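Quick caveat: nothing in here was measured; it's all calculated off a predicted structure. Within every chain, numbering begins at 1; the chains are lettered A, B, ... in the order of the sequence lines, protein sequences first and strands thereafter.
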Protein chains: 2
Amino acid sequence: MQDLLFDFISKYISLTEEEKNAIISLDIFRSVKKGTTLLKEGQKSQDSLFVLKGCMRKYYIIDGEEKTTAFFTEMEGITPNCVISKTPSEYYLSCIEDSIVLVSDADMGAAINSKFPKFEIMCRILSEELLAKQQIDFDEFKTSSPEQRYLNLIDKRPDLVQRVPQHLLASYLGIKPQSLSRLRARILEKKS
Amino acid sequence: MQDLLFDFISKYISLTEEEKNAIISLDIFRSVKKGTTLLKEGQKSQDSLFVLKGCMRKYYIIDGEEKTTAFFTEMEGITPNCVISKTPSEYYLSCIEDSIVLVSDADMGAAINSKFPKFEIMCRILSEELLAKQQIDFDEFKTSSPEQRYLNLIDKRPDLVQRVPQHLLASYLGIKPQSLSRLRARILEKKS
DNA sequence: CCAACCCGTTCACTTAAGTGAAGAAAAACG
DNA sequence: CGTTTTTCTTCACTTAAGTGAACGGGTTGG
């Protein structure tokens, strides 16, 4: 399991055995059961997450309705906004598959960064990558219809379409489960 | 006009007179006429922009139709994705008001950063701020209807509603001008 | 084994956005 | 100043998403 992490890190920086051991000794691997809510609206959290295996969902509750805005799967990191701004969270994070995640609070992050400056570099690269990706995703979302967004999802994240329940996918696409059902039927019809 | 820039910078770092002069001597202020297209699809650009006065629009052309995804006004910076990824641009940037912008290419940025390390710090803070803001904006967009997005715009960016033509606003909200017109009429009706 | 629940789908109906056309008001321009 | 173009609105009609209800197929758990 740790190898997954080190393989990922090695794409950005190279670690010595000593550094790897230091990370392992932090004991930050957590296994999380499906259905667990890791962060609630109004809650203040210090923890950043990194998904090693499984799937997390980010959602808001607006007018009593869940609105999913993101899924996080293998090798994706989550730094909740409330960690940065130190304000209560506006959204929820919950685990939708039995998962293994890496949890680190702000102090721990600072400790690692000061001990291994390399980490700071990796974090900067990751956040630059994230910013660029985020901008593209945002523009894609803005410029497409629910149907196009669904087709796009099949293309770019086929794994999500398989592993995530339809009603959560619908919520993510910004429509109701019934509409997603219809939309899928429409697409099938077009193909034939 | 330069004071606008220095006032902005002073919110993040403090500059000596010497540093200010160094910046002025770069001669990076450009005045841009309304209607000018600063970046076209397919074009490779090295230039980052910063709006001192006026308004820029970012849009894609999809199926022959303009899809606006962002407006940039006073004190907002634009680092086109193509500058970072060094790939041809997928979108257009055009000027919708007579404007004054600050233009700097990659070399110039590197030169400033190495001469004044402070700048690097400011850039990091700015991109962190941008990433956080972007995430919130994205979630807001995903979780709201065109009508809510319009009401939100009135609330958060009343200046845009005033200065930007309706059909561009509509494009930005993801709907047709006719729909925005109807939507506005609907809102007025509700108020009374 | 059956009841309860969750999930996806379908249906009928409502509401909002898309489309195409047309007209009026305002701005731009020679 | 008048003409042209742009911009905004309105209308009638189409299409897609929202809503509420209902059904069947799968779990899950008592």
Side-chain angles (χ1 to χ4, degrees), chain A residues 33-37 55 57 59 61-68 71 94-98 141-154 160-192, chain B residues 33-37 54-55 57 59-68 71 94-98 141-154 160-192:
Chain A
K33 276 262 167 269
K34 174 177 175 176
T36 310
T37 300
C55 186
R57 176 172 75 105
Y59 63 99
I61 295 187
I62 297 174
D63 297 333
E65 205 180 347
E66 291 187 3
K67 305 256 188 180
T68 304
F71 295 106
S94 89
C95 176
I96 60 174
E97 282 176 12
D98 289 349
F141 192 92
K142 275 183 175 169
T143 57
S144 55
S145 65
E147 181 169 331
Q148 289 169 320
R149 292 202 278 268
Y150 179 68
L151 290 170
N152 189 41
L153 203 64
I154 291 178
L160 282 187
V161 180
Q162 293 310 316
R163 72 205 283 188
V164 174
Q166 298 288 325
H167 69 280
L168 295 184
L169 271 189
S171 162
Y172 178 62
L173 294 169
I175 58 178
K176 303 288 158 214
Q178 296 94 315
S179 298
L180 178 55
S181 238
R182 233 179 343 207
L183 185 157
R184 281 154 53 89
R186 214 159 55 216
I187 290 172
L188 277 178
E189 196 142 315
K190 282 183 194 166
K191 274 191 188 166
S192 62
Chain B
K33 277 259 166 275
K34 174 177 175 177
T36 310
T37 301
C55 185
R57 178 172 73 106
Y59 63 98
Y60 293 73
I61 295 187
I62 297 174
D63 296 334
E65 203 179 348
E66 292 187 2
K67 306 255 188 182
T68 303
F71 295 106
S94 89
C95 176
I96 61 174
E97 281 176 15
D98 289 350
F141 193 93
K142 275 183 175 167
T143 57
S144 55
S145 65
E147 181 168 331
Q148 289 169 321
R149 292 202 278 268
Y150 179 67
L151 290 170
N152 189 41
L153 203 63
I154 291 177
L160 282 186
V161 181
Q162 294 308 316
R163 71 205 284 190
V164 174
Q166 300 286 325
H167 68 281
L168 296 184
L169 272 188
S171 162
Y172 178 63
L173 295 169
I175 57 179
K176 302 288 159 215
Q178 297 95 314
S179 298
L180 178 55
S181 234
R182 231 179 344 209
L183 185 157
R184 279 154 53 90
R186 214 160 55 217
I187 291 172
L188 276 179
E189 196 140 318
K190 281 183 194 164
K191 273 191 189 166
S192 63

> Between S145(A) and L168(B), who's closer to the 5' end of DNA chain D by nearest nucleotide?
Replying inline: L168(B)
> Any donor-acceptor pair under 3.5 Å joining the side chain of R182(A) to the base of dG8(C)?
Replying inline: no
> I175(A) side chain: which of dT10(C), dG18(D), dA17(C) is closest?
Replying inline: dG18(D)
> Of all the choices, dT7(D), dT9(D), dA28(C), which nucleotide is nearest to the side chain of K34(B) once you look at every atom?
Replying inline: dA28(C)
Might you point out which heavy atoms bring [X] and [Y] nearest each other, and give the distance in Å?
X       : Y       : answer
A170(B) : L180(B) : N-CD2, 3.7 Å
F141(B) : R149(B) : O-NH1, 3.1 Å
L168(A) : F71(A)  : O-CZ, 3.8 Å
H167(B) : P177(B) : CB-CG, 3.7 Å

Nearest-angstrom distance from the residue atom [atom1] of [X] to [atom2] of [N]:
X       : N       : atom1 : atom2 : value
L169(A) : dT9(C)  : CG    : P     : 11 Å
I96(B)  : dA27(C) : CD1   : P     : 16 Å
E147(A) : dG18(D) : CD    : C1'   : 17 Å
H167(B) : dA26(C) : NE2   : P     : 18 Å
L173(A) : dG8(C)  : CG    : C1'   : 15 Å
Q178(A) : dA22(D) : CD    : C1'   : 12 Å
Y150(A) : dA17(D) : OH    : P     : 13 Å
L183(B) : dG18(C) : CG    : P     : 10 Å

>> Side-chain N or O of S179(B) versus OP1/OP2 of dG18(C): is the shortest distance under 4.0 Å?
In response: yes
> Think R186(B) has a side-chain N or O under 4.0 angstrom from the OP1 or OP2 of dT15(C)?
Replying inline: no
> When all nucleic acid strands are considered with a 4.0 Å heavy-atom cut-off, which category describes G35(B): base, sugar-phosphate, or nothing?
Replying inline: nothing
> Hey, which of R163(A), K34(A), R57(A) is the one that makes side-chain contact (heavy atoms from CB on, under 4.5 Å) with E97(A)?
Replying inline: R163(A)
